Each structure stands twice: as C-alpha cells, then as structure tokens.
Novice: 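Quick one: structure below, then a few questions.
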Amino acid sequence: MSTPGTDTTPQRKPTATPRTSLRLRDHLKKIAPFITLLFLIVFFSVASPASFLTWNNLTNILTQISVTGIIATGLTFVILCAEIDLSVGSVANAVGIVLAFFTAQDASVNIANVPLPGWVAIVLALTSAVIFGLVTAFGVTRIGIPSFIMTLAMLQIGAGVCAMLVRGQIAYNVPDVIKVLGTKALGPIPWIVIVAALVLAAGHFVLTYTRFGRYVYMVGGNREAAEYSGVNVRAVVASVMIIGAVCSGFAGMLGVAHLGSAQQDEFVDYLLDSIAAVVVGGTSLFGGQGGIPNTIIGLFVLGVLNNGLDHVKIDSFLKVLIRGLILLTALIINIYAQRIRSRSLEE
Amino acid sequence: MASKFDPRSYSRRDFFEILGASAGAASLFGAFGSTPALAAEMAKATGRSEKPLKAAFSNAGLQATWCAQGKQAAEFWGKLFNVEVTWFDGALSSTKQRAAIDDLASQKWDFVAIQAFGIGTLTDPVNKLIDAGTPVIDMDTLIAPLDSINVHSFLAPDNEFMGSSVTQALVEAIGGKGKVVMTQGALGHTGAQGRARGFHSVLKSYPNIEVLDEQPADWDVTKVARIWETLLTKYPQIDAAFFHNDDMALAAYNVMKQHNRTEIKVGGVDAMPPAVDAVVDGRMHATVRNPSCRIHGGAIIAGVSAVVGGEKAGGGIPKHIITDGPVITKPNAPGIAWMEGHFLI
C-alpha cells in the first residue's frame, strides 16, 4: 500500500470528462441515426435541389412512410419486448381485404363479397385484426411457440385468408371514411400522415408515460427480473402481440384505401420495411432499448433514402445496391455509437 | 444456359446508329444556325424530336427478364428518337412501385410510360400526371380499368390469345388426345387469368384430352420444380404441359430431364431468348411472344408522337393497341430471335 510521500510513481489524475461530453456519449445511440438522416437530406438536396427540396416531395415522403409508420408503431412494442412479429404485412393485407370484402363493390368485381354498411365493415375488419393478434398471443404465451415461428405461421394464415376472400380478383372500394383517410388531405397535409402521426404519438405516450409502457421495457430488458418484480410477463407479451396486429390491421385498411385496391400479396414489403425502420432507428432487436422517437427517425431514414434515390440520376440496377450499402452503413454507425455509449457508462 | 441470341449485336447497333446519326444531323444543322427549317423538316420526317424529350418509365420489376428486356428496348428506341429515358423500378412490389410513381409524379416529364405491377394501385399519381397534361402510356397491364382512367393509349398483348395459341400448338403436337398439365402463374395476375382462359377455351373442343393438374406456381421456379417432382411421380403419362411463362417451363424441363421424361411436349409464354433457344434445340415445343420490345419501343413512339406530332388519344392513336406476338416453333424461331436482338418484337 502506498503512503503519501513515499510513493514516487506519478499519480494518474482522474480524467475530468466534461459533463456535456458524457451526456453526448450517452445520447450517441440516439444521435447516430439522426446524423445518418441529416447526411441523406443534405446529400439529396445537393444532388437534386430542384425536385427533392420541395413541399410536394416532403408530402410524398411523409405519405410514403405513413402506412409503414403505423405498422412500425405496433412492431416497436413487440421488439421492445424482445419478441418479433413476421406476420405484420400479411395481417395488414388480410385486414385490408376483409374491409373490402364487406364493402359494396362494382358489378365488374368478380368477388362473392358481403356488402355491409361502412361502419360495420370497419368494425369487422378491426375485429379480424384483434383475432389475428389473439391467436398469435395465445400461441406465444400459452402454448409457448417462439414468436418467430408463431408469426411465421400467422404470415401464412394471413396470406391464406387473403387468397380465400379475393380468389385472385381485385376489389377497389372501401368505406368512405377510410377512403378519405387514405386519399384525401386536410389542407396541405394528407390525412394518412395525420393519422400516422397520431398513432405514433399514442404509441410514444403509452410507452413513456404509462405503467404498461414501463413493463414493456422491463420485460424486454430483463424478463426474469420483471417476473420476480411481479410483472405479469405473459400478459405484457400477449398485449404487445395484439397491439402489433391491431396496428398492422389499421395500417392495412388505410393502405388499401391509399393504394386504391385490395389484392393478394399487396403488402409483402411492409414486413421488412417496418422491421428496418424500427432497427435502423436504434431500437434493439434484443429488447428493452429504444422507442417511438427512434422508430420515427428510422422511418425518415428509409423514406428519405427511397425517395431521394428516385430524384438522382443513377442506374436502376445500382440503386438496389446503394440502398443496401447505406442501410448497412447506418447500422454500423448505430452499433459503434452503442459501443461508445456502453464504454462511457462503464467509465 | 446462355442465350445464343445476343441482343447487343454490333451490326444492328451500327445500322441504327447510322439511322440515328442521320436524324441527329438535323439537330446539328440547327445548332449551327445554318438551316433550322431544314433541321425541323428532317426531324419531322423521322418522327424524331428536335429537342431532347424527357420520359419516365416504370415497369413491374427489373428482376424479371421480360421487364429488363423492355428497359433495354425503351432506352434503345429512346436514343433513336432523342428521348432521355429515366427508369423508376417497380421492384415487383405494389407498394414500392406506388412510392416510385409518387416520386415520378412530383417531377416534370414530356411523357410517361407505365406497366403497373398491381391493377388500381397507381391510379392517384397517374391521374395527377394526366391532369397536369402529361401523356401517360399504359404498357402491358391495366393501370386501372380503361373507362376509369384517361391514359393516352394502352399497349398490351391479348393474354387469352397467347394462352390459346400455345395450347393449340401443344394439342396439335399430341394429336388431339392425351393427358395435359397447366402450371399457372399467380392466380391474382390478370395475365395468368387470361392465359388460363385461353388454355380452357381450346381444350373445350378436345374431349379426349384430360387435364391432370392446374396448380399455380406463382411464377416461382423453385415452386415449379417442387410441383413437377410430385406430378412426374404421380402420373406415369403426361403428354403435354402448358406453363404461363417460359422461366417456369424451362425449370420444369430440367426436372423432366432428371426423370427421363423429356417426351412431354412443353409450351410457354413470353419467348425470351433462352426459350427461343429451347424451341430451336427441341427442349420446348412452342412458346408465344409477349412482345416486350414492341410494347416498350411502341411507348416511346407513342409518347414522341403525342409531344411532337400532337397526337391525341382516340384521334391520332387508338385508346387500346393489341400488340400480340406470334407462336414460336422451330421454323420461325431464328427469325424471332433476330428481331428480339434488334428490339423489334
């Protein structure tokens, strides 16, 4: 043991890391996707100033991420709980088709549908979304099927429901209120953007300001600890699976209105897009970390990237590669930011 | 297997570059200020635009060889007619194509040509373009039912005709009796529905032909292989098979070969170069040309005629142009291959 006066080795002064620097590192994981987003905006603004930086185009981007945004809200709950839902696109498709199935169609549409009043069709469609969620929740929490496998089966079931209801045909009509939400605008802002913003805001409120939201983080962060703390883990996991299905179903209803038709295999891409939005935004696939603000940034990263590439002149075949490389870069930045943050916390 | 018919034929390119250069000379004269009237006259004679036109194209997805060939054709004919073609890939996805067309509609174009991946999914942005006065040419698949959207013209083959003509060729090859299989594309695809109708319309007249199976393989060659493994095990006699496209037909042929069942007469649709090769060397009995080059090249000419010649839909150009291609069997296969190589069909 060294005593003052006898120890001649130079004492290493404790590094006085400025508070702001610590805070910056702490927030690095949140900032990293934002930096990627800023980079993309600046890049596309310089590359294509005439068409990218316009109000019309901003509306385009917002509209394009709206349906994904609603699905991603539910998926954020699921992923925060360290679960996954691979059926979101399929459920969205099936619920959209259920809605169209119960709506009067033109004579040229060759589907044996059951026309009902608009509000009944909406209620039935939402009920079907809840049923999808309940079945998934039952499989995951009661039977004990891993969510990856259970939702893979639900993906097939959703696709089967779509095929059975439309039998290869296309339906065009949905109830008026859904059509307004999917295609019209309130002033300069499309309704679908407003609805997506409200859903994201509601998701953020629940996750941040309610006991249930804290349980979601606890279950995702450390399931055993949550269980020992008296949290009903099964109920929380079941709830997030149902929330995921309802968000997907609602998105499917708006998506059908927005796209103008309901048909099989229409929403296949929403699965990967919504998972990508959640993860690129910085929410951990292992649960417990992240949230709706991350998802929003992830949505914008994907939206700006996809939209921006349509404004610059590059080979169509190259675009696919560039999209992948930029996403990979964003993920690498996220991982390094996470490491720097972890190191700063250890210090 | 690599195609014997390379579309990048240098002799063809040379020939058309000379043709293009003669038209380009018209613009050049104008640029030097010597005889702008002459330049205009020359451009008019070739139907080529004096000033470069900007066109946006989108088809179902460049992953599909038919669509990739269409892109080459559009760019080739675009160069000849002084049209700068910008491509918006549909990526075989309704949602991705919708986003691309939304982006396309927020920019300025002289004309636009679209093959929709999903009917009815592009109506809003296309109407926006049409309302802004941009001629929109619909290619191959309906953007929306023709009475509900005012496209400049719709260039498409008759899928029912394609299905019936190849089925007819197969039926004749097996002497009007026997056991046949139809492997369908995706059931929701209107093209597949038309081809299936064509198949059934022919078989109605042949009571001695039994249809063993009509499963859809969703254009997926892996699924085709799986289905055909089962069919070949289950049925000791299959005389002919009709596939809704050539990729599926060729995938199934490989399975037949592994089972030593190459006596089955195989028919497909599209007549892409590998399938034409297969007809020439006898692996396939027949295919029918779904003329990608004619449709995409035709869209360029329709667009230029609308912008330069002031052609109006329903007046100068019919609202619906049927672009059927011929059935391809051994005798006409080399000629079709040559025309495809030069983006003529």
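Throughout, protein chains are lettered first and strands after them, A, B, ... in sequence-line order, and every chain is numbered starting at 1. Since the structure is predicted, the reported quantities are computational estimates derived from the model, not experimental observations. Note that these values count all heavy atoms, side chains included, but never hydrogens, waters or copies made by symmetry.
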Novice: Heavy-atom distance under 4.5 Å between the side chains of A:Asp310 and B:Leu104, does that happen here?
Specialist: no

Novice: CG/A:Asp273 to OG/B:Ser93 distance, rounded to the nearest 0.5 angstrom?
Specialist: 8.0 Å

Novice: To the nearest 0.5 Å, how far apart are OG in B:Ser94 and CZ in A:Phe267?
Specialist: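 With rounding to 0.5 Å, OG (B:Ser94) is 8.5 Å from CZ (A:Phe267).
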
Novice: Non-hydrogen atoms of chain A under 4.5 Å away: do they reach the side chain of B:Thr123, the backbone, both or neither?
Specialist: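 Neither the backbone nor the side chain of B:Thr123 comes within 4.5 Å of chain A.
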
Novice: Do B:Asp102 side-chain atoms and A:Asn60 backbone N/O form a donor-acceptor pair below 3.5 Å?
Specialist: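 Absent.
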
Novice: I'd like to know whether B:Ile119 forms a side-chain contact (heavy atoms from CB on, under 4.5 Å) with A:Tyr172, so could you lay out the CA-CA distance, the side-chain angles of the two residues, the decisive distance to 0.1 Å, and finally the verdict.
Specialist: CA-CA 10 Å; B:Ile119 298 174; A:Tyr172 298 98; 3.2 Å; yes

Novice: Working to the nearest 0.5 angstrom, can you tell me the gap between A:Asp265 CG and B:Leu92 CG?
Specialist: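 Here the rounded value is 11.5 Å.
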
Novice: Quick one: pull up CG in A:Asn306 and CG in B:Asp103 and give me the separation to the nearest 0.5 Å.
Specialist: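 Here the rounded value is 8.5 Å.
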
Novice: Locate the shortest heavy-atom distance separating B:Leu62 from A:Ser316; write the atom from each residue and the value.
Specialist: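 It is CD1-CB, 3.5 Å.
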
Novice: State the CG-CD1 distance between B:Leu142 and A:Ile170, to the nearest 0.5 angstrom.
Specialist: 9.0 Å

Novice: Between B:Gln63 and chain A, with a heavy-atom cut-off of 4.5 Å, which part of the residue counts as in contact: side chain, backbone, both or neither?
Specialist: neither

Novice: First locate atom CZ of B:Phe88, then atom NZ of A:Lys319, and finally report the distance between them rounded to the nearest 0.5 Å.
Specialist: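 Taking CZ in B:Phe88 and NZ in A:Lys319, the distance rounds to 6.0 Å.
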
Novice: Can you say whether B:Lys108 sits under 4.5 Å from chain A via the side chain, the backbone, both, or neither, judging by heavy atoms?
Specialist: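 For B:Lys108, neither part sits under 4.5 Å from chain A.
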
Novice: Is it the backbone or the side chain of B:Gln97 that comes under 4.5 Å from a heavy atom of chain A, or both, or neither?
Specialist: neither

Novice: Around atom CZ of A:Arg323, are there more than 12 heavy atoms from other residues, nucleotides or ligands closer than 6.0 Å?
Specialist: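 Correct, the count exceeds 12.
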
Novice: Over all heavy atoms of both residues, which pair between A:His311 and B:Ser106 is shortest? Give the atoms and the distance, please.
Specialist: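 Residues A:His311 and B:Ser106, closest heavy atoms: CE1-OG, 3.9 Å.
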
Novice: Would A:Glu266 and B:Arg98 pass as an ion pair if we require N to O under 4.0 Å?
Specialist: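 Looking at A:Glu266 and B:Arg98, the cut-off is not met.
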
Novice: Would you say A:Asp176 has more than 12 foreign heavy atoms packed within less than 6.0 Å of its CG?
Specialist: no

Novice: Go through the steps to decide whether B:Lys96 and A:Gln64 satisfy the test side-chain contact (heavy atoms from CB on, under 4.5 Å), and finish with yes or no.
Specialist: CA-CA 9 Å; B:Lys96 279 190 180 150; A:Gln64 285 163 12; over 6 Å; no

Novice: Give the C-alpha distance, both sets of side-chain angles, the deciding distance and a yes or no for side-chain contact (heavy atoms from CB on, under 4.5 Å) between B:Gln107 and A:Asn57.
Specialist: CA-CA 9 Å; B:Gln107 301 170 51; A:Asn57 195 44; over 6 Å; no

Novice: What part of B:Pro216 gets within 4.5 angstrom of chain A, counting heavy atoms only: side chain, backbone, both, or neither?
Specialist: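 Neither the backbone nor the side chain of B:Pro216 comes within 4.5 Å of chain A.
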
Novice: Chain A: which of B:Ala100, B:Ala68, B:Ala105 shares the most heavy-atom pairs with it under 4.5 Å?
Specialist: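 When all of B:Ala100, B:Ala68, B:Ala105 are compared, B:Ala100 has the most.
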
Novice: Would you find more than 12 non-hydrogen atoms of other residues, nucleotides or ligands less than 6.0 Å from A:Lys184 atom NZ?
Specialist: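 Open: at most 12 neighbouring heavy atoms sit under 6.0 Å from NZ of A:Lys184.
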
Novice: At a 4.5 Å cut-off on heavy atoms, which part of B:Asp124 comes close to chain A: side chain, backbone, both, or neither?
Specialist: side chain

